[in-house]
Student: 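This structure is in C-alpha cells; I'll ask about it shortly.
All values below come from the heavy atoms of this structure, side chains included, with hydrogens, waters and symmetry mates left out.
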Amino acid sequence: MEYESVLIVKPEVFIYKIPPRASNRGYRAADWNLKEPTWTGRMRLVAKGTAVILKLEDKTSGALFANCPIDTYPGVAIEAVSDSSRYFVIRVQDDNGRSAFLGLGFGDRSDSFDLNVALQDHFKWVKNQEQIEKEKSEPKQELDLGFKEGETIKINMRITKKDGSEGPSRTGKNKGTGVLPPPPGGLGKIAPPPAAAAATTVRQSPGVSPAHRPAAGGSEWTDYASAGGNQGQQNSANANWVQF
C-alpha cells in the first residue's frame, strides 16, 4: 500500500485566468491581470509513490479547488513564465479528464524557489528508483580481472632513502638476483692493527746488528751489562799478554 506524503505546503497562492499562448516564445505574466487574481487559496504538493500532484485547496475548509497531476518537470503540466520567477502556468484536470491552463503566482520569490526544489528532488528520486529496478532485472556483468594465458605484469619498485631521494630500482642490473649493490666506499678499507701488537715491538739501539739483537723477553739494559762484563775480561787477557 502506497501512502501519500506532503512535500511542501504554501498557505497562500494566486490563480489567474490567462489568454491563449500567442507564440512559441512562452508565457508572460505581464499579460495577465496580476492585481485581480481569479482565486486565492492554499497549495499542497503531495507525492504518492512516483506520482506527484499539486493540489489547490480552500484556506478554511480544505475543499479541493483543482488538481494538477505532474508527470515530469519541467514539462507541460507546470511551466515557468519567461518574465518572472514567481509565476507559473499549470495544467489542471478534473475527474472527467478535461484540462485547462491557469496562471499560478506566489507573493514571495522564496515560495516559488521551494516549489522548484521540491519538484526537482522528487523526480531525481524517481529516476534513481528506476535505475535501481533496472539493475535488479539486468545485473551488471562481472569484470574478469584474472590473468590470461601468456600475460605478464611488470612492477618497478623504487627504494627511497632517508633523505627522500630515490635509490636504484630493483628492476635494473640486479634484476632477478635479489642482492643490492654494496654501498659506496665499502671496499678497499682494512682495519688498523690492534694496539696490543705495538706493545710487543722490541726497541733497537743504534749500531746493533740484527745478529746481536736481544732475545725475546729480555731488556736492552741487560744486554748492555753483559757487554760490559765481556769487555773487562778481554782487557785482563791483554794485560797478561803484555807481561810475557
Side-chain angles (χ1 to χ4, degrees), residues 1-140:
M1 181 178 179
E2 292 181 339
Y3 295 93
E4 185 178 271
S5 60
V6 179
L7 302 181
I8 59 170
V9 177
K10 295 300 177 182
E12 186 177 60
V13 294
F14 308 100
I15 298 299
Y16 303 91
K17 288 184 178 180
I18 59 175
R21 187 195 301 254
S23 63
N24 293 329
R25 67 179 182 177
Y27 292 98
R28 286 170 46 87
D31 298 335
W32 311 342
N33 188 6
L34 299 179
K35 293 182 179 181
E36 295 182 5
T38 303
W39 180 85
T40 302
R42 179 179 67 189
M43 184 207 79
R44 288 196 309 141
L45 187 69
V46 299
K48 189 174 183 180
T50 58
V52 61
I53 302 173
L54 189 151
K55 294 185 176 184
L56 301 174
E57 301 169 342
D58 185 81
K59 289 181 181 182
T60 305
S61 63
L64 182 66
F65 173 75
N67 267 332
C68 174
I70 303 173
D71 50 0
T72 58
Y73 181 75
V76 178
I78 180 169
E79 181 181 351
V81 298
S82 59
D83 59 344
S84 176
S85 60
R86 294 191 294 117
Y87 297 92
F88 300 85
V89 173
I90 60 175
R91 184 184 62 186
V92 296
Q93 293 180 346
D94 60 12
D95 295 336
N96 298 323
R98 294 177 298 181
S99 61
F101 289 93
L102 299 174
L104 171 68
F106 297 92
D108 191 276
R109 188 171 284 104
S110 62
D111 292 337
S112 61
F113 177 80
D114 292 342
L115 176 61
N116 265 309
V117 172
L119 288 171
Q120 290 173 1
D121 289 346
H122 173 78
F123 286 105
K124 186 184 295 184
W125 174 80
V126 171
K127 186 177 180 180
N128 291 338
Q129 291 298 113
E130 292 175 351
Q131 183 66 27
I132 292 172
E133 294 299 325
K134 183 178 179 180
E135 291 177 356
K136 288 181 180 179
S137 60
E138 299 178 4
K140 294 182 178 179

Student: Would you name the heavy atoms of Pro69 and Ala77 that are closest together and state the gap between them?
Tutor: O-CB, 3.3 Å
Student: At what distance, to the nearest 0.5 angstrom, does CD1 of Ile78 lie from CG of Leu54?
Tutor: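 The CG atom of Leu54 is 6.0 Å from CD1 of Ile78, to the nearest 0.5 Å.
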Student: Measuring from Asp83:CG to Arg28:CZ, what's the distance to the nearest 0.5 Å?
Tutor: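 Reported to 0.5 Å precision, the distance equals 5.0 Å.
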Student: Work out which heavy atom in Tyr27 is nearest to a heavy atom in Pro19; give both atom names and the distance.
Tutor: CE2-O, 4.3 Å
Student: Using a 4.5 Å cut-off on heavy atoms from C-beta on, say whether the side chain of Leu34 contacts that of Phe14.
Tutor: no
Student: Asn33: what forms a side chain to side chain contact (heavy atoms under 4.5 Å, CB included) with it, not counting sequence neighbours?
Tutor: Lys35, Glu36
Student: Could you tell me if Arg109 and Ser85 have a donor-acceptor pair between their side chains, going purely by distance under 3.5 Å?
Tutor: yes
Student: Please report the closest heavy-atom contact between Leu64 and Ala66, naming both atoms and the distance.
Tutor: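 For Leu64 and Ala66, the tightest heavy-atom pair comes out as CD1-O, 3.5 Å.
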Student: Tell me, please, which residues at least two apart from Asp94 pass side-chain hydrogen bond (donor to acceptor under 3.5 Å, both in side chains).
Tutor: Arg98
Student: Could you go through the side chain to side chain contact (heavy atoms under 4.5 Å, CB included) check for Leu104 and Ile15 one step at a time?
Tutor: CA-CA 5 Å; Leu104 171 68; Ile15 298 299; 3.7 Å; yes
Student: Could you walk me through whether Phe123 and Val52 pass the side chain to side chain contact (heavy atoms under 4.5 Å, CB included) test, one step at a time?
Tutor: CA-CA 9 Å; Phe123 286 105; Val52 61; 3.6 Å; yes
Student: What pair of heavy atoms forms the shortest contact from Phe101 to Ile18, and how long is it?
Tutor: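 Heavy atoms only, the tightest pair is O-CG1, 3.7 Å.
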Student: Should we say atom CG of Asn96 is surrounded by more than 12 heavy atoms from elsewhere, each under 6.0 Å from it?
Tutor: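 More than 12 heavy atoms, drawn from other residues, nucleotides or ligands, come within 6.0 Å of this atom.
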Student: Can you tell which of Val92, Asn67, Val6 makes a side-chain contact (heavy atoms from CB on, under 4.5 Å) with Lys55?
Tutor: Asn67
Student: Rounded at 0.5 Å granularity, tell me how far CD1 in Ile8 sits from CG in Asp111.
Tutor: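 With rounding to 0.5 Å, CD1 (Ile8) is 8.0 Å from CG (Asp111).
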Student: Could you grab the distance from atom CZ of Phe88 to atom CG of Leu119, nearest 0.5 Å is fine?
Tutor: 8.0 Å
Student: Do any pairs count as a salt bridge (Lys or Arg N to Asp or Glu O under 4.0 Å) and have a residue in residues 58-78, sequence neighbours left out, and if so which ones?
Tutor: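 Residue pairs with at least one partner in residues 58-78: Glu12-Lys59.
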Student: Verify the neighbour count for atom CZ of Phe113: are there more than 12 heavy atoms of other residues, nucleotides or ligands below 6.0 Å?
Tutor: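 For Phe113, atom CZ is not crowded (no more than 12 foreign heavy atoms under 6.0 Å).
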Student: If you define the side chain from C-beta out and look only at heavy atoms, does anything of Leu56 sit under 4.5 Å from Ile90?
Tutor: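 SC-SC contact between Leu56 and Ile90 confirmed.
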Student: Please table the atom pairs, donor to acceptor, closer than 3.5 Å between any side-chain atom in residues 43-51 and protein atoms at least two apart or in another chain.
Tutor:
residue : atom : partner : partner atom : Å
Arg44   : NE   : Glu57   : OE1          : 3.0
Arg44   : NE   : Glu57   : OE2          : 3.1
Arg44   : NH2  : Glu57   : OE2          : 2.9

Student: Under the side chain to side chain contact (heavy atoms under 4.5 Å, CB included) criterion, do Lys10 and Leu115 qualify, and how do the steps go?
Tutor: CA-CA 9 Å; Lys10 295 300 177 182; Leu115 176 61; over 6 Å; no
Student: Mind checking side-chain hydrogen bond (donor to acceptor under 3.5 Å, both in side chains) for Asn116 and listing every partner two or more places apart, or none if nothing turns up?
Tutor: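 Listed in chain order: Tyr73.
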Student: Hey, what's the ring geometry for Trp32 with Tyr87, parallel, tilted or perpendicular (30° and 60° as the breaks)?
Tutor: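 The rings of Trp32 and Tyr87 stand perpendicular, inter-plane angle above 60°.
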Student: Can you name the closest pair of heavy atoms from Ser99 and Gln93 and give their distance?
Tutor: CB-CG, 3.8 Å
Student: I'd like to check the salt bridge (charged side-chain N to carboxylate O under 4.0 Å, His left out) partners of Glu79; sequence neighbours left out, ordered by chain and number.
Tutor: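 Applying salt bridge (charged side-chain N to carboxylate O under 4.0 Å, His left out) to Glu79 gives Arg21.
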